[in-house]
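First the structure, in the form of structure tokens, and then the observations on it.
Order of the sequence lines fixes the chain letters, A, B, ..., with proteins taken first and strands second; residue numbering starts at 1 for each chain. Excluded from the calculations below are hydrogen atoms, water molecules and symmetry mates; all remaining heavy atoms, backbone and side chain alike, are included. All figures in this text were calculated on a predicted structure; none of them were measured in a lab.
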Number of protein chains: 2
Amino acid sequence: MKKTNYKPNKDHEYLARLQAYYAEHRVIPSYAHLMEILGFASKSAIKKVLERLEAAGMLERTPYGDWAPTDLFFERAIANHPVPAGTPVPVSDEPCEKVMLDRFLIEKPSQTVLVRVKGDSMINAGIHHGDLAVVERCCHANPGDLVVAIVDDEFTLKTLGRDQEGFHLIPANPHYPIIRPQGKLEIFGVVVGLVRKYP
Amino acid sequence: MKKTNYKPNKDHEYLARLQAYYAEHRVIPSYAHLMEILGFASKSAIKKVLERLEAAGMLERTPYGDWAPTDLFFERAIANHPVPAGTPVPVSDEPCEKVMLDRFLIEKPSQTVLVRVKGDSMINAGIHHGDLAVVERCCHANPGDLVVAIVDDEFTLKTLGRDQEGFHLIPANPHYPIIRPQGKLEIFGVVVGLVRKYP
DNA sequence: TATGATAGAGAACGAATGTTCTTTAGTCAA
DNA sequence: TTGACTAAAGAACATTCGTTCTCTATCATA
């Protein structure tokens, strides 16, 4: 009977401690330090643990050979999105330590900017006045993309459209007109995310 | 004339590259590897760069001495009104507001959880299927609050309402009915934020 | 009870790491 | 030109790193 090396009971705890350390310091420590953190007395044990976590998809190695967390590593924090079905009250799981919305939303930090949404011209796309748009300042956009354009020296968030007359900006609100640029259409960036804060 | 060692021009680029690498691998590499990434030919140069970034508040050291990013490291600029008027390719920034999304959205980390939104019952409130709701698991909610309730062992995101018949859950979609709990209404938490990722 | 597999300890070792020091090259002001 | 300052290169070095190997204790299964 062949089975995986991943021992849920123990390794879950090791993973939890690693996640806790990473949540605090945003770094994966060396084997020697992990001995303290995980409570081992030998580096070889650490290596085996990390390799099991790697096999479980929680860790990977960078091109330089360093250990790095994978998306799976963050899944618990990001979404208890496997909605607990059975449990009525004791849904209370551990709080997401320090979540990683930044990492989740921003893939290219140096090219990413936040833009405050003004007006309700995109309300049917679920984009409200005051929302923060996560904008990636990339070279060019494709029709259908949500883009931030510069019109009359103002940011405008619209859907980029194209027809025989050329590029244009499509609002998501019947009370607003399609914008057809008189000159060239200046695209500031592509919207890759949206953030809203209540109240 | 005493001034800071932090050279904006160059160090900004080094920081950007470090951020890009970290965004991809979630790890800060060793000096030797940073030589490749930042384009240096000596480790001592790397050390000085990192120390300048530390002085600028972008990096810190863990208790074990490893380099680690700080909150500042993850901050993004909000390009609000500042519409680059003259500049055709509005490059970069003037003193502008900066935000770390985690901090911005999550004020009480230990009580905050992310819940994936299912269905389109709140579509008129700009909350779509697949969005992430930032939920604060506080004691009790007030009428008018966006809440996550537990109905039939499932999370449900609705507006909390109250009339003479008691508390109930109001969708933001005319095709869905108001939910009036048969027993007690179980509130999981209050929605304090929303996150969406495109595409 | 015997067996095989596994988790972990422990030691050894070459390679890689971070630090420190010295040297070189470039910049700016007087 | 000179002199002060600084970024970066380069070398030297003790420390630490990750790997590999052997050995022990534990445990489930046959």
Which nucleotide in the set D:dA8, D:dG10, C:dG8 lies at the smallest distance from any side-chain heavy atom of A:Tyr14?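 Closest of the options to the side chain of A:Tyr14: C:dG8.
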Side-chain N,O ([X]) to OP1/OP2 ([N]) below 4.0 Å:
| X | N | result |
| --- | --- | --- |
| A:Arg52 | C:dG8 | yes |
| B:His33 | C:dA16 | no |
| A:Arg61 | D:dT19 | yes |

I need the [atom1]-[atom2] distance between [X] and [N], as an integer number of Å.
| X | N | atom1 | atom2 | answer |
| --- | --- | --- | --- | --- |
| A:Ile46 | C:dA7 | CD1 | C1' | 12 Å |
| B:Met35 | D:dA11 | CE | C1' | 12 Å |
| A:His12 | C:dA7 | NE2 | C1' | 18 Å |
| B:Glu54 | C:dG18 | CD | P | 14 Å |
| B:Tyr64 | C:dG18 | OH | C1' | 18 Å |
| A:Glu13 | C:dA7 | CD | P | 15 Å |

Mark yes or no for whether [X], through its side chain, and [Y], through its backbone, hold a donor-acceptor pair below 3.5 Å.
| X | Y | result |
| --- | --- | --- |
| B:Arg61 | B:Asp66 | no |
| B:Thr62 | A:His25 | no |
| A:His33 | A:Tyr31 | no |

Under 6.0 Å between ring centres, would you say that holds for A:Phe73 and A:Tyr22?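 Yes, the ring centres sit under 6.0 Å apart.
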Is the shortest side-chain heavy-atom distance between A:Leu157 and A:Met122 below 4.5 Å?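 The answer is yes; the side chains approach within 4.5 Å.
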Any donor-acceptor N or O pair under 3.5 Å, side chains B:Tyr176, B:Asp120: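 There is such a pair (donor and acceptor under 3.5 Å, judged by atom type) between the side chains of B:Tyr176 and B:Asp120.
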Give me the distances for all protein-to-nucleotides 20-27 of chain C N/O pairs that come in under 3.5 Å?
| from | atom 1 | to | atom 2 | distance (Å) |
| --- | --- | --- | --- | --- |
| C:dT20 | OP2 | B:Lys47 | NZ | 3.1 |

Show your working on side-chain contact (heavy atoms from CB on, under 4.5 Å) between A:Val190 and A:Leu160 and close with a plain yes or no. CA-CA 10 Å; A:Val190 174; A:Leu160 183 64; over 6 Å; no
Can B:Lys197 be said to sit on top of A:Phe104's aromatic six-ring, NZ or CZ under 6.0 Å from centre and within 45° of the ring axis?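 B:Lys197 over A:Phe104 ring: yes.
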For B:Lys108, side-chain contact (heavy atoms from CB on, under 4.5 Å) partners two or more places apart: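 Applying side-chain contact (heavy atoms from CB on, under 4.5 Å) to B:Lys108 gives B:Gln111, B:Thr112, B:Glu136.
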Nearest nucleotide by nearest heavy atom, which residue falls closer to the 5' end of DNA chain D, B:Gly39 or B:Asp66?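 Its nucleotide being nearer the 5' end, the pick is B:Gly39.
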Got a sec? Which of residues 16-32 of chain B come in under 4.0 Å of DNA chain D, heavy atoms?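 Going residue by residue through residues 16-32 of chain B, none turns out to have a heavy atom under 4.0 Å of DNA chain D.
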